[in-house]
Every structure is written in structure tokens, then in C-alpha cells.
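Chain A is the first sequence line, chain B the second, and so forth, proteins listed ahead of strands; every chain is numbered from 1.
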Number of protein chains: 2
Amino acid sequence: MAKPGIKTKVGTTVSTGVDVTREALVHAAIDALKEEGFAGASARAIARRAECNQGLVFYHFGSVANLLLAALDEVSESRRAQYRAAVDGAGSALELVDAAQSVFEDDLDAGHIAVLTEMIAGASATPGLAPEVAARIEPWHTFTATALRRALEHGPLAAVVEPEVAAHAVVALYLGLELLAHLDGDRSRALALFDRARQLATFLQMFGTTSEEETQ
Amino acid sequence: MAKPGIKTKVGTTVSTGVDVTREALVHAAIDALKEEGFAGASARAIARRAECNQGLVFYHFGSVANLLLAALDEVSESRRAQYRAAVDGAGSALELVDAAQSVFEDDLDAGHIAVLTEMIAGASATPGLAPEVAARIEPWHTFTATALRRALEHGPLAAVVEPEVAAHAVVALYLGLELLAHLDGDRSRALALFDRARQLATFLQMFGTTSEEETQ
DNA sequence: GTCTATACTTGGATAGAC
DNA sequence: GTCTATCCAAGTATAGAC
């Protein structure tokens with residue numbers, strides 16, 4: 001349907017593609033999900049934000065649900081790029097907590113995670129949407145598991161904590177914290193938690209490497 | 001408006017009140033939130049489930065949002081009663097984890113927590129709804145903090161973990177786990193987590209009481 | 001307290017002109 | 001590719017009969 005074969009990407013990153021309205025719709029959908037929630041993210045509301053006609057939603061995406069999934073894709077991928085950068089710069093568990101808090105606050109300020117939670121909650125309303133949303137969460141599990149594995153491999157918890165299991169807890173906790181903070185606008189409780197995590201990381205770092213010298 | 005002064009509660013718990021349709025609407029709203037989500041929980045959909053007329057929603061509750069809040073109240077209070085019973089029966093941290101897993105699975109089977117997450121996510125769509133939902137979550141924080149305080153007070157973590165801060169983490173984690181498990185229908189990852197928590201509780205129990213003999 | 005009927009609004013989706 | 005116009009379904013809410 002849309003985009004009949006002509007890929008417009010020239011270099012590695014192109015901000016001004018030819019599909020101007022298509023991208024405008026995606027970003028309008030993101031904003032609508034953030035500010036009005038799944039129930040408020042209608043084709044008309046999104047088109048109003050994108051300052052274009054409502055019918056273009058269906059021309060470009062076929063349905064509102066597809067546009068919403070495209071919005072989730074966009075947020076999920078761009079956020080993961082940022083997370084990767086933040087995590088790659090963290091050499092220790094302590095720095096990992098700092099990085100986590102940094103992206104947590106960025107997310108909360110910009111409402112990125114609201115897009116995800118709205119889609120998760122909204123998935124119940126639209127048949128067939130749930131597996132699509134679930135598939136887009138899966139990369140976060142592997143990403144988190146990798147980050148945890150790196151952070152824990154030389155510490156005392158390596159033998160106790162399975163990265164895959166802990167990753168699920170981290171993802172769930174992160175979602176829950178964003179959900180609550182986004183609801184009542186109070187992030188102080190979440191920040192107190194990051195403080196505790198910092199103390200825990202510092203404490204655990206006192207126990208040195210278990211098997212070999214650290215190379216970081 | 002509704003219920004002009006006549007309270008029908010005779011004993012402490014009465015299941016067959018006079019407001020039959022009112023209660024039918026509340027329970028239909030609960031089911032609608034569980035199965036169709038916030039976006040699908042319309043006056044018409046709820047009335048269809050309650051097998052009554054759509055106008056009765058407005059007669060009894062004034063608006064759909066009010067009915068949805070009544071549904072949240074009902075679930076929140078009845079669940080808290082069950083949680084309290086489960087937690088009161090738990091004397092040790094290990095038993096507390098067992099109790100938590102038990103209610104977690106009950107909630108997932110019945111979809112109780114979906115009602116809450118749908119209302120949280122849906123709060124963005126309806127002006128003024130967010131603070132109402134937030135107010136109904138607050139009791140869960142105090143409940144969880146109390147349970148944690150009791151479970152930790154004689155253990156080695158008492159000096160390290162602040163119950164209020166940890167309670168927020170527990171509530172957020174619980175919400176996130178239910179959100180994810182409800183989305184993809186896979187609870188195995190959450191159950192693996194409870195297994196780990198059980199091992200941790202057993203491990204911590206090896207360090208005895210810190211200040212005085214345990215009276216349980 | 002419950003029903004029918006209705007007014008009004010919004011939303012999804014399509015057809016056809018440009 | 002974008003717009004106007006339109007159809008139809010579904011939603012909120014109210015009025016009035018019973």
C-alpha cells in the first residue's frame with residue numbers, strides 16, 4: 001500500500017524523509033498516546049495533532065491500530081538506542097544504577113514509557129493487538145538481560161542471580177514505577193528507590209571480583 | 001442521586017442487597033474492564049453484561065467514569081481483605097513470599113489486577129480521573145509497608161530496608177508483573193521470580209533474629 | 001427503578017475529486 | 001498524496017412512559 005518500493009534513506013540517519021506526513025502521523029500518535037491515552041488516540045485526534053486530514057491515517061497505515069503500533073515501534077527503537085548508549089558507558093554496577101536513573105527520569109519527563117503502558121493496557125480492547133505489543137516488549141528483555149549479565153559477572157551475585165529472571169523483574173519494576181509516577185506525578189518515591197539501589201551497588205562492590213581481575 | 005438514604009446493610013456482610021442492578025452493574029463493569037479494557041468498558045458494553053438497560057448506568061452512577069471508579073473500589077477493597085488474610089497467616093518472610101505468590105496467581109487467574117492497570121492507563125483519557133485512581137492505590141502502599149515491616153523487623157535487612165521505600169517497589173513490581181503476564185498470558189517468568197524470592201528468604205532466615213527472641 | 005426512544009457527538013473507514 | 005464529503009456504527013446522556 002504505502003511506500004511503493006521507494007526507500008528514501010540515503011545515509012545512515014535521515015531526518016527529512018519524503019514521507020513527511022507519514023512521520024508526522026507517527027509522532028502525532030506518540031503524543032496522543034502520551035497525553036490522551038489509548039482511549040483518546042483516535043484517528044481524528046491524531047490527525048488534528050499532525051495537522052492533516054483524518055483519512056490519511058487509513059491511507060498510510062490502513063487502520064488506527066497499525067498506526068499505533070508504528071508509534072510504539074518508533075518509541076521502542078529510539079529509546080533502546082539511547083538506553084544502549086547509556087548502559088555501554090557504565091562500567092560498574094553503581095554506574096549502571098546511575099544510568100538507569102538518568103533514563104528513567106528522561107522517560108518520565110518525556111512520557112516515553114506512557115506510550116508503552118497505554119499500548120499494553122489498550123491491547124485488551126483491540127483483537128489481535130496483544131501479541132503485537134508483546135512482541136515489541138521482547139527485545140527489552142534481552143537487552144536488560146545482557147546489561148545485567150555484564151554488570152553482575154564479576155560480582156558476588158553472579159552465582160545467585162540469573163540474568164534472564166532478574167531482567168524480567170527489572171522490566172516489570174521499571175514499567176510499574178513509570179506507571180505510578182505518571183499517574184500521580186510524584187517521582188520522589190521512585191527516586192528514593194534509586195538511592196537505595198545505589199547504596200546496594202556500592203556495598204556489593206566492596207566484595208571484589210570473584211574469579212578473575214576486572215578488565216574495566 | 002442514587003440510594004436515597006436507605007442503607008441496606010443489615011449484618012456485617014450482606015451479599016443480597018436491595019440494589020441488585022446497581023451491584024450487577026458494578027460487577028459487569030469489573031468484567032468489562034478485565035476483558036475489554038478501559039477503552040471497551042462503555043456504558044453499552046457494561047449494561048449488556050449486566051443484562052439491563054444502558055440508561056441505568058447514568059441513573060445509578062451519573063457517568064461511566066463514576067461506575068468505573070465504583071468497580072475499582074469494589075475490587076480494591078475485596079482484594080485487600082483477601083491479601084490481609086493471606087499475609088496475617090504468614091509468620092516468616094518465606095511464608096510471606098508463598099502468600100504473595102498465591103494471591104498473585106489468584107489475581108492473574110481472575111484478572112483482578114487488570115481492573116487496576118486498565119484504570120491507571122485509562123486515567124489519561126478522562127479529565128479528573130487520575131487523582132481518583134491514585135487515591136485508590138494509596139492504601140496499597142500502607143498495606144504493603146506494614147506487611148514488609150512485620151516480615152523484616154527481626155531479620156538482618158531491618159537496618160537496611162525502609163519499609164515505605166520497599167513497599168513502593170513491591171507495589172510497582174507487582175503491577176508490572178501482572179501487566180506483562182496479562183498481556184502475553186505467560187506467567188512462567190513471574191513464577192521463576194517467586195522461586196528466587198523464596199530462596200532469598202530461606203537464605204536470609206539463616207541469619208537469626210537481631211535484637212530479641214522471635215515470638216512467632 | 002426500569003424501559004423505550006431519541007438527540008447529539010465522536011469515531012472508523014471508504015469514495016471520489018483534485 | 002491529500003482533501004472533501006459521506007456512511008455507518010457506537011458512544012454519552014437525557015426525556016418521558018410505565
Out of C:dG1, D:dA13, C:dT14, minimum distance to the side chain of B:S63 belongs to D:dA13
In whole angstroms, the gap separating C1' of C:dG1 from OH of B:Y59 amounts to 5 Å
OP1 or OP2 of D:dT2 versus the side-chain N and O atoms of A:T21: is any pair under 4.0 Å? yes
- Query: Heavy-atom distance under 4.5 Å between the side chains of A:F38 and B:F38, does that happen here?
  - Reply: no
Salt-bridge present (B:R189, A:E164; N to O < 4.0 Å)
no
From CG of B:L25 across to C1' of C:dC3 the rounded distance in Å is 14 Å
Numerically ordered, the residues 29-44 of chain A set in heavy-atom contact under 4.0 Å with DNA chain C is A:S42, A:A43, A:R44
To the nearest angstrom, the CZ-C1' distance between B:R48 and C:dC3 comes to 17 Å
**Asked** Looking only at side chains, do A:T202 and A:R198 share a donor and an acceptor under 3.5 Å apart?
**Response** no
Exactly one candidate in A:E36, A:E118, A:E35, A:H182 meets side chain to side chain donor-acceptor pair (under 3.5 Å) with B:S124; the answer is A:E118
Test: B:E153 and B:R149 ion pair at under 4.0 Å: no
With distance as the sole criterion, is a donor-acceptor pair present between the side chains of A:T117 and A:E178 under 3.5 Å?
no
From NE2 of A:H60 across to C1' of D:dC3 the rounded distance in Å is 12 Å
Practice prompt. Keeping the roles fixed (side chain from B:D184, backbone from A:A134), state whether a donor-acceptor pair exists under 3.5 Å.
Written response: no
Whole-Å distance, B:F58 CZ to C:dA7 C1', equals 13 Å
In whole angstroms, the gap separating C1' of D:dT2 from CZ of A:R22 amounts to 16 Å
- Query: Going by heavy atoms in the side chains, are B:I137 and B:V133 under 4.5 Å from each other?
  - Reply: yes
So, B:R150 and B:T146: side-chain donor and acceptor under 3.5 Å apart, yes or no?
-> no
Atom CG of A:L68 and atom C1' of C:dG11 are separated, to the nearest Å, by 14 Å
Expected list for residues 50-57 of chain B near DNA chain C, using heavy atoms below 4.0 Å, is B:C52, B:N53, B:L56
B:N66 CG to D:dA13 C1', in whole Å, measures 13 Å
